[in-house]
Amino acid sequence: MALLSWADLSYVLPVTSVAYVLVALVGRFVLHEHVSLTRWAGIALIMIGVMLVGRTAPRTTLHTSHASHPEAQS
């Protein structure tokens, strides 16, 4: 939730999916579990998605106060 204070939700949600990647890596290399080829393919797709989202420009609007709007002055 702390990430939402400095980044858009469209950036934060894909980054949180990196946890799936970390869990698979820890399972494979620390716990010596078998991770199927299908799961590795899914991990690759997650990472590609995270990289694509990270490369896109943010499309947020700046927050302005109500005093700057002409309707608020009347």
Side-chain angles (χ1 to χ4, degrees):
M1 292 302 273
L3 289 174
L4 290 175
S5 66
W6 61 268
D8 294 335
L9 184 62
S10 61
Y11 285 97
V12 172
L13 285 181
V15 170
T16 60
S17 67
V18 173
Y20 295 115
V21 177
L22 295 177
V23 167
L25 291 173
V26 168
R28 173 65 180 104
F29 296 110
V30 175
L31 301 175
H32 305 288
E33 295 180 354
H34 172 73
V35 179
S36 68
L37 185 60
T38 306
R39 185 149 308 195
W40 286 120
I43 289 168
L45 287 174
I46 289 172
M47 294 309 297
I48 290 169
V50 169
M51 289 187 307
L52 286 174
V53 169
R55 291 178 47 126
T56 59
R59 296 182 181 187
T60 59
T61 57
L62 296 175
H63 297 289
T64 58
S65 66
H66 292 293
S68 65
H69 294 293
E71 306 89 38
Q73 294 176 356
S74 54

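The chain is numbered in sequence order, starting from 1. The shown structure was predicted, so the numbers you read here are calculated from the model rather than taken from an experiment.
With values rounded to the nearest 0.5 angstrom, R28 atom CZ is found 13.5 Å from R39 atom CZ.
The other residues sharing a hydrophobic cluster with I46 are V18, Y20, V21, L22, L25, F29, V35, W40, I43, M47, V50, where clustering joins ILVMFWY side chains under 4.5 Å apart.
Residues satisfying the side chain to side chain contact (heavy atoms under 4.5 Å, CB included) criterion with T38, sequence neighbours excluded, are S36. Take V26 and apply the side chain to side chain contact (heavy atoms under 4.5 Å, CB included) test, not counting sequence neighbours, and it matches V30.
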